[in-house]
Amino acid sequence: MMNNKNIYLDHAATTMVDNKVLEMMLPWYTEHYGNPSSIYSIGRESKQVIENARQTVADIFNCKKSEIYFTSCGTESNNWALKGIAYANKSKGNHIITTNIEHHAVLHTLEYLGKHGFEITYVPVEKNGIVDAEKIRQAIKKETILISVMFANNEIGTIQPIEEIGKIAKENGVLFHTDAVQAAGTLTIDVEKMNIDLMSISAHKFYGPKGVGVLFVRRGVKIDNLLHGGGQEKTRRAGTENIASIVGLAAALEKAVENMEEYNEHIRKLRDLTAQEVIKRIPETIINGDLEKRLPGNINFSFKYIEGESLLLFLDMNHIFASSGSACTSGSLDPSHVLLALGLPHEIAHGSLRLTFGWDNDEEDVETVVSQLVTIVQRLREMSPLYNK
Amino acid sequence: MMNNKNIYLDHAATTMVDNKVLEMMLPWYTEHYGNPSSIYSIGRESKQVIENARQTVADIFNCKKSEIYFTSCGTESNNWALKGIAYANKSKGNHIITTNIEHHAVLHTLEYLGKHGFEITYVPVEKNGIVDAEKIRQAIKKETILISVMFANNEIGTIQPIEEIGKIAKENGVLFHTDAVQAAGTLTIDVEKMNIDLMSISAHKFYGPKGVGVLFVRRGVKIDNLLHGGGQEKTRRAGTENIASIVGLAAALEKAVENMEEYNEHIRKLRDLTAQEVIKRIPETIINGDLEKRLPGNINFSFKYIEGESLLLFLDMNHIFASSGSACTSGSLDPSHVLLALGLPHEIAHGSLRLTFGWDNDEEDVETVVSQLVTIVQRLREMSPLYNK
Amino acid sequence: MYTEKVMDHFSNPRNVGELKDYNAVGEVGNAKCGDIMRIYLKIEDDIIQDVSFKTFGCGAAIATSSIATELIKGKHVDEALTLTNKAVIEALDGLPPAKIHCSVLAEEAVKEAIADYKKKQGIIIETHNQCDNCCREDR
Amino acid sequence: MYTEKVMDHFSNPRNVGELKDYNAVGEVGNAKCGDIMRIYLKIEDDIIQDVSFKTFGCGAAIATSSIATELIKGKHVDEALTLTNKAVIEALDGLPPAKIHCSVLAEEAVKEAIADYKKKQGIIIETHNQCDNCCREDR
Ligand SMILES: Cc1ncc(COP(=O)(O)O)c(C=O)c1O
Ligand SMILES: Cc1ncc(COP(=O)(O)O)c(C=O)c1O
């Protein structure tokens with residue numbers, strides 16, 4: 001039984017740009033293209049629309065407009081936050097605390113810093129994929145300058161105790177960065193209440209364009225620039241502003257926040273139905289990560305005895321688009337560091353499937369996907385030397 | 001006499017996106033949005049279009065596809081090239097050579113490196129705004145690891161002796177980076193023939209979108225990453241690819257190169273006419289920078305006794321959009337470092353006007369601008385305590 | 001970036017040029033900073049009968065010069081001496097942060113001109129021209 | 001990313017499962033790397049009469065297993081021993097660089113199975129299974 005309709009179940013990897021959002025972006029390519037740093041009217045116009053976008057974003061996260069910096073992506077925001085804080089505060093200390101399930105944009109940046117005189121502590125998460133805030137507190141020492149813990153995980157969707165960690169950071173006079181790329185637009189974020197000092201977001205995760213992000217930097221925080229050059233972004237982030245994309249980011253975020261409740265209900269329903277049906281119809285299946293403290297649109301399965309890529313290929317042949325682990329690493333030989341962090345053995349970590357739901361999915365999609373999964377998993381198990389039915 | 005039509009004369013600051021280029025970008029926002037790192041069909045589709053774009057760019061600069069990396073802007077390309085080479089080759093030496101008329105994205109990055117253990121030599125340009133390649137050679141010492149000289153200057157349009165410098169770099173076993181942001185799309189660039197090892201470009205200077213650039217890195221060159229994270233761009237530049245913008249960059253560059261001759265003729269004619277009329281009709285006017293070795297669309301005047309910003313404001317009130325120095329610094333108090341590098345006294349450096357022409361200009365624009373300039377310059381001079389008619 | 005008031009004073013500056021019969025003049029600023037402001041005064045019986053300016057500088061420099069001349073015209077010199085840069089800013093409905101120094105320049109130019117008048121009367125008043133050296137270092 | 005030939009062998013793998021009456025078996029790879037390949041042989045008079053495989057692994061691992069079984073079926077064991085990973089890659093019209101190791105795995109699985117057969121005949125042949133430890137370090 002072939003499925004002919006495209007079913008996209010990889011919204012955590014990236015989302016399509018919302019049509020209304022794209023419409024708002026278009027004039028800034030061909031009509032109003034003035035360089036915002038220019039003093040003439042069409043430049044001031046660009047400047048104004050960027051400042052409006054900045055205000056929109058600031059209002060949503062409960063911070064000041066002047067604390068919002070536009071970047072080229074979540075990766076840049078993470079690199080800037082980590083390297084910028086590390087190098088600017090080196091005289092205070094060289095120790096940074098993080099978890100073992102961060103996105104590669106955090107892990108590889110810290111790995112780089114680790115080779116350049118910084119000491120990194122990777123606090124392991126619990127079996128449910130959530131870090132124990134107390135263990136973060138215990139890891140703090142005199143030299144600690146920064147804690148970086150992601151808001152929600154991209155593979156298993158687990159939500160970290162950000163407010164608790166923020167409190168601990170504040171009590172200990174340590175800066176706190178959170179990679180909120182997966183959380184923004186889906187979860188309510190209040191940087192004030194949560195004591196967040198730096199936060200990364202990326203537009204293409206909430207129906208905005210690719211190639212634009214935000215770094216929130218609390219006023220007074222000492223941070224080195226990552227991109228040196230012209231005086232853009234109050235001399236903190238050089239490069240001619242990507243006006244259309246900045247407009248798109250703000251519009252998409254605003255829309256996401258307005259519809260947050262409805263969206264979460266929609267994707268949670270589909271997600272829960274999928275989880276329930278899969279568990280019922282496919283034996284020896286594991287759900288990875290906490291079931292409660294979890295992004296509403298995320299589910300992550302391990303099907304014992306089979307490998308993820310071949311599963312994805314069969315799904316793809318049936319026009320179902322999903323991922324195994326994070327998008328950046330699918331196709332690589334490494335098993336997911338997140339699943340290994342949960343304590344899963346390698347062969348099970350290799351057999352994972354991440355489904356992440358969005359506006360464009362419905363219950364029919366769920367039925368199609370589940371029935372395809374039943375067939376494909378059975379077929380692959382029959383091929384597997386690890387499986388003895 | 002008021003002018004009511006908008007006349008844009010700041011194409012060196014940024015250009016409008018070409019309509020055809022925008023058309024090619026659009027499908028990649030809402031229809032084909034798959035993450036290029038994904039293995040399913042809509043991800044492979046994105047991957048393919050990026051690889052096609054990479055091939056287009058590589059063919060134009062006569063390099064290999066694998067030597068082209070997409071970035072978020074010219075500024076990022078410059079930061080990556082300079083910091084990446086510096087940190088990866090520190091064991092070989094800590095000396096970098098550049099000129100005193102580079103864009104801030106180079107100068108401020110080198111300033112930062114200067115504070116972190118590197119020694120920077122700023123070779124002064126000659127009075128015509130062109131560096132003497134022999135002086136670059138003389139600045140080379142045992143510790144020199146990199147020469148960075150811009151292809152063409154953004155304020156005065158002077159074209160540097162890139163091929164000569166490339167030869168000198170090669171003879172001395174030193175790497176050679178050029179910021180070709182102003183040159184790409186207007187001048188023919190052959191990285192092979194010119195012995196360029198690294199080169200930065202930015203799409204919004206040749207009718208492509210803002211927020212996307214290229215760094216060419218010759219195969220075998222040791223360079224650290226600037227953005228660490230996922231495995232994109234062969235693990236050299238992390239961050240989900242900005243597919244639409246990458247498509248836009250390649251399409252715009254291809255179109256620019258196809259029409260290069262016609263374009264250069266068009267803008268050169270308008271530029272020459274403007275220069276001729278201004279010199280004829282406004283006394284005590286200086287043209288800054290060499291007249292021959294110069295971008296065809298650039299002219300840069302100093303009108304004695306007056307200050308640039310007030311000139312720009314009056315032009316703006318007449319719907320003429322131009323700049324004084326580079327866009328990033330207009331509105332700042334600093335006089336242009338480029339004009340000072342030519343040896344101009346401060347009051348003359350403050351009184352500069354840059355006009356840069358494009359497809360959308362015609363001879364009527366020139367007549368309007370020149371006659372407005374005659375009036376405005378006279379008016380400002382009459383207000384000036386430096387002027388004694 | 002500029003208020004309407006600034007744009008008005010910039011595009012239609014009041015009291016521009018050199019007064020024919022001025023009896024005091026003050027100049028502040030320097031070319032390195034990109035602003036030079038000169039105020040001419042015609043004072044009779046300590047009253048500023050007429051005033052004019054010449055300015056080399058940005059839009060804000062021209063506007064602050066213009067409004068300053070309006071603010072002191074017809075005033076007693078001692079009252080004019082109390083002119084502050086804040087008053088200049090307020091009269092223009094505000095200035096961008098980077099342009100505040102132009103209001104200081106206007107205040108100082110007025111003071112310099114009055115000091116020149118007083119000096120001729122044998123009275124020395126001290127002026128502190130912060131803007132004569134206010135430029136950032138060249139890069 | 002994969003050729004048509006790879007996709008064909010992946011989606012319609014030949015000779016899958018466990019032969020009922022096999023008399024030799026070889027297994028290579030490990031779970032850490034994410035690939036395990038097992039080849040079953042039924043050999044009579046040194047001729048491979050039948051062959052099958054079971055594979056835990058990616059699309060390329062399944063396809064290389066499948067094509068390898070086709071390539072050696074009906075062959076003399078000594079001829080089958082000359083199977084190279086290059087031959088496997090060629091038969092599939094190519095593999096992406098990151099998947100070359102799967103072709104090595106297929107070659108080695110065949111050799112292991114034949115070694116098993118020879119061992120039972122008292123002949124020891126050496127096998128070097130580079131893929132048993134080929135994984136990159138976990139980060
Ligand atoms: C010579 C030169 N280099 C670098 C840049 C920076 O490019 P971008 O604004 O794309 O970061 C510019 C333009 O702004 C430029 O003219
Ligand atoms: C948690 C997390 N952080 C960072 C990133 C990187 O964002 P971007 O691809 O916009 O650089 C992603 C997604 O790719 C992510 O899921």
Side-chain angles (χ1 to χ4, degrees), chain A residues 6 10 13-17 19 22 29-30 33-35 37-43 72-76 78-79 103-105 108-109 111-112 202 204 209-212 225-232 238-245 309 312-313 315-316 321 323 327-332, chain B residues 6 10 13-17 19 22 29-30 33-35 37-43 72-76 78-79 103-105 108-109 111-112 204 209-212 225 227-232 238-245 309 312-313 315-316 321-323 326-332:
Chain A
N6 278 353
D10 205 13
T14 194
T15 53
M16 57 291 281
V17 177
N19 278 315
L22 181 59
Y29 287 116
T30 50
Y33 52 85
N35 193 316
S37 302
S38 309
I39 66 163
Y40 42 73
S41 60
I42 65 162
S72 73
C73 59
T75 298
E76 185 193 326
N78 283 340
N79 273 262
H103 188 269
H104 281 148
H108 290 172
T109 304
E111 209 172 87
Y112 183 80
S202 184
H204 71 96
K210 294 173 177 63
V212 61
N225 286 2
L226 182 68
L227 296 190
H228 296 84
Q232 294 92 349
T240 301
E241 298 88 339
N242 190 344
I243 315 164
S245 297
E309 194 215 83
L312 294 185
L313 283 174
L315 287 171
D316 178 39
F321 309 134
S323 97
C328 322
T329 50
S330 63
S332 106
Chain B
N6 279 353
D10 206 13
T14 193
T15 52
M16 58 292 279
V17 176
N19 278 315
L22 181 59
Y29 287 117
T30 49
Y33 51 85
N35 193 315
S37 302
S38 309
I39 66 163
Y40 42 73
S41 61
I42 66 162
S72 73
C73 59
T75 298
E76 184 192 326
N78 283 339
N79 273 261
H103 188 268
H104 281 149
H108 291 172
T109 304
E111 211 172 86
Y112 183 81
H204 71 96
K210 294 173 177 64
V212 60
N225 287 2
L227 296 190
H228 295 84
Q232 295 92 349
T240 301
E241 297 88 340
N242 190 344
I243 315 166
S245 297
E309 194 215 84
L312 294 185
L313 284 173
L315 287 172
D316 179 38
F321 309 134
S323 99
S326 66
C328 323
T329 49
S330 64
S332 107

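From a predicted model like this one, the values you see are computed outputs, not experimental measurements. Throughout, a chain's letter reflects where its sequence line sits, starting with A, and its residues are numbered from 1. Below, all heavy atoms of this structure are taken into account, side chains as well, without hydrogens, waters or symmetry copies.
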Exercise. Highest number of heavy-atom pairs under 4.5 Å with chain B: which of G74(A), S72(A), A244(A)?
Worked result: S72(A)
Problem set entry | Closest-packed option against chain A by number of heavy-atom pairs under 4.5 Å, given F321(B), Y40(B), Y29(B) | Y40(B)
For this session: Counting only heavy atoms closer than 4.5 Å, note whether S202(A) contacts chain B via side chain, backbone, both or neither.
Result: neither
Exercise. Hey, mind stepping through N35(B) and D10(A) against side-chain contact (heavy atoms from CB on, under 4.5 Å) and telling me if it holds?
Worked result: CA-CA 9 Å; N35(B) 193 315; D10(A) 205 13; 5.6 Å; no
Problem set entry | Worked check of side-chain contact (heavy atoms from CB on, under 4.5 Å) between N19(B) and T30(A) | CA-CA 7 Å; N19(B) 278 315; T30(A) 50; 3.5 Å; yes
For this session: Say whether, by atom type as modelled, one donor and one acceptor occur between the side chain of H104(B) and the main chain of G229(A) under 3.5 angstrom.
Result: no
Exercise. Between atom NE2 of H204(A) and atom CD1 of I243(B), what is the distance when rounded to the nearest 0.5 Å?
Worked result: 9.5 Å
For this session: Please round to the nearest 0.5 Å and tell me the distance separating atom NE2 of H228(A) and atom CG of N78(B).
Result: 13.0 Å
Seminar exercise, completed: Highest number of heavy-atom pairs under 4.5 Å with chain B among L226(A), V212(A), L315(A), L313(A) belongs to L226(A)
For this session: Can you tell which part of T109(A) gets under 4.5 Å to a heavy atom of chain B, answering side chain, backbone, both or neither?
Result: both
Problem set entry | Interface moiety of L227(A) toward chain B, non-hydrogen atoms closer than 4.5 Å | both
Exercise. Between Y33(A) and T15(B), what is the shortest heavy-atom contact and its length?
Worked result: CD1-C, 4.0 Å
Problem set entry | Engaged part of N79(A) at the chain B interface, taking heavy atoms whose separation is under 4.5 Å | side chain
Exercise. Got a second to check how far N225(A)'s CG is from T75(B)'s OG1, nearest 0.5 Å?
Worked result: 11.5 Å
Seminar exercise, completed: Of the listed C73(A), G239(A), S41(A), G43(A), the one with the largest count of heavy-atom pairs under 4.5 Å with chain B is S41(A)
Exercise. Shortest non-hydrogen contact from E241(B) to K210(A)?
Worked result: O-CD, 3.2 Å
